[in-house]
Protein chains: 2
Amino acid sequence: MTTKFEKKLKTRRALMDAALALVSEGKHYSSLSLRVVAKRAGVVPNAFYRHFTGLDELGLALSDEIGLLLRQLMRTARLKGLAADSMIADSVDFYMDNVRESPALFRFMAQSLTGGSPAMRQAIRLELGHFAKEMVMDLNSLRVLSDMSAVDLDMLGHLVITTVSSVTTELLDLPEDRENLVSEIRERTIKQVRLIFIGAGGWDKPSKKKRGKKS
Amino acid sequence: MTTKFEKKLKTRRALMDAALALVSEGKHYSSLSLRVVAKRAGVVPNAFYRHFTGLDELGLALSDEIGLLLRQLMRTARLKGLAADSMIADSVDFYMDNVRESPALFRFMAQSLTGGSPAMRQAIRLELGHFAKEMVMDLNSLRVLSDMSAVDLDMLGHLVITTVSSVTTELLDLPEDRENLVSEIRERTIKQVRLIFIGAGGWDKPSKKKRGKKS
DNA sequence: AACAAGAGTGTACAGCTGTACACAAACAGG
DNA sequence: CCTGTTTGTGTACAGCTGTACACTCTTGTT
């Protein structure tokens, strides 16, 4: 019973890879057509329907894959047990390596975050939020910054994720011939994260100047 | 000679507005078709060519418009001469107000930053970079943070712009019925920028721990 | 060995796509 | 007033789009 089942999964994979390949070549996911995806996957257009009801569903499947990748990334980063003194630099390096290793998925992620269907946007934002949350939990268990309130920790996690993930597109858009800029981006990002944590260290709880105008 | 010329500009505007309207309704710019844009603008498809060679050119025109808007935004913010104590909160408010006032353009900006044609991406990144640069210049002339090096100031500007502009999509994606979340986003963003400036205040020039591995 | 399930194929069609061509109407400058 | 320019129209067409239908295999189950 495995053989046939595996075969099905295989073409399903081929379809997803085809979509990713096209995205990787510069096309936007929302401008793809079922037909060219199918052709790229080496199947006839109609075969597409045996796996997905349409491109939207394929997109959601890819979103799930991103969630998986992010979780995996977080887990192995955790296993590495980074040294405290080089933790920031190592984490940034690790993220950048991952981006450069799965460019298609990250490109899809970046695209869908601002331009996908509402469902896809939400799915990916959820994954990123999850990612931020775990990071904050780690920070907390490491007894760093433990004097921040829960809301402020969330705020911090959100800020770090935003900063790092904004590097994604920048990295993927580097022309092939100017790859030397990678280290420049790396240095800048490390500085940025370090600056953020300096700020977090000097963060004085919601003492003075709380409620501003409430919109 | 004005009449005919103005008329031409008018339909050109109609075409651009039509594209923006479609984007605002949830479609991605790269999935628009010349025909529906023309129809939306109230002209026959062929008339499109009297103004643009294709959708790419229209997109670049819209990018220019974003540049204009950002420059304008920066200028009026400067004229306001914000008070030092509430400067951060006021700036965030000002930006958010602008986003909510021209949602279509900002949506287009957010989309094109990650998903447009290479030319469009570059154009918009350039505008944002310009924006960051001016901000840094302002900070410098205000004699704040004058002990940072030029590179570090760039890094700081980039970080602030990234943080604030990442709010754009979040803001535009709010479901109509949960607009109360706006103030939540506002509070968080203000905190984030404030934290960044705390970090910048505690920033110790490139003293120790400089060169990391060079990729 | 016979059968049912289902993955993939081939054909078909209506609708949309960009764009080429010839034309109409409006306006400018002479 | 008339004549050349230029904006917008109508028609046309070849190519692509999603998807419906009937089909052939291959495979797992009885």
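Proteins come first, then strands; the chains are lettered A, B, ... in the order of their sequence lines, and each starts at number 1. The model shown is predicted, which means the values in this text are computed figures rather than measured ones. FYI, side chains are in, hydrogens and waters are out, and symmetry mates aren't considered; it's all heavy atoms of this structure.
- Using a cut-off of 4.0 Å between Lys/Arg side-chain N and Asp/Glu carboxylate O, A:Glu65 and A:Arg13 are scored as salt-bridged.
- Of the candidates C:dT19, C:dT17, C:dT9, the closest approach to any side-chain atom of B:Tyr49 belongs to C:dT19.
- As rounded to whole Å, 11 Å separates atom P of C:dG8 from atom NZ of A:Lys10.
- Distance B:Phe52 CZ to C:dG18 P: 15 Å, rounded to the nearest Å.
- Checked by distance alone, A:Arg50 brings no side-chain donor or acceptor within 3.5 Å of a matching partner on the base of C:dG6.
- In terms of position along DNA chain C, the nucleotide closest to A:Val43 lies nearer the 5' end than the nucleotide closest to the other residue of the pair A:Val43 and B:Thr53.
- Ion pairing of A:Lys80 with A:Asp90 is absent here, as no side-chain N (NZ or NE/NH1/NH2) approaches a carboxylate O to less than 4.0 Å.
- Nearest to the side chain of A:Ala47, among D:dT17, C:dG8, C:dT19, sits C:dG8.
- Residues B:Gly42 and A:Leu55 both approach DNA chain D. Their nearest nucleotides, taken by heavy-atom distance, put B:Gly42 toward the 5′ side.
- Checking the phosphate oxygens (OP1, OP2) of D:dG8, a side-chain nitrogen or oxygen of B:Thr11 falls inside 4.0 Å.
- One atom, NZ of A:Lys7, and another, C1' of C:dT9, lie 14 Å apart when rounded to the nearest Å.
- Out of D:dT7, C:dT9, D:dG18, the shortest distance to the side chain of B:Lys8 is found at D:dT7.
- Residue A:Thr3 has no polar side-chain atom (N or O) positioned under 4.0 Å from OP1 or OP2 of D:dT27.
- Relative to the side chain of B:Leu34, the nucleotides C:dT11, C:dT19, C:dG8 differ in distance, and C:dT19 lies closest.
- Distances from the side chain of B:Asn46 to the nucleotides D:dG10, C:dT17, C:dT9 place D:dG10 closest.
- If you check C:dC21, D:dT19, D:dG8 against the side chain of B:His51, the one that comes closest is D:dG8.
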*Tell me, with the steps shown, if A:Tyr95 and A:Thr168 meet side chain to side chain donor-acceptor pair (under 3.5 Å).*
CA-CA 9 Å; A:Tyr95 181 79; A:Thr168 310; 2.8 Å; yes
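- For the pair A:Lys39 NZ and D:dT19 P, the computed distance is 17 Å after rounding to whole Å.
- Rounded to whole Å, atom P of D:dG18 lies 15 Å from atom CD of A:Glu57.
- When rounded to the nearest whole Å, the span between CZ of B:Phe5 and P of D:dT5 equals 18 Å.
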*Going through the checks in order, is the side chain to side chain contact (heavy atoms under 4.5 Å, CB included) test met by B:Leu58 and B:Tyr29?*
CA-CA 10 Å; B:Leu58 207 181; B:Tyr29 184 80; 3.5 Å; yes
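- A donor and an acceptor atom, one from each side chain of B:Thr11 and B:His51, are located under 3.5 Å apart.
- Rounded to whole Å, the distance from CG on A:Leu9 to P on C:dA7 is 10 Å.
- A straight line from CZ of B:Arg13 to P of D:dG8 spans 15 Å, rounded to a whole angstrom.
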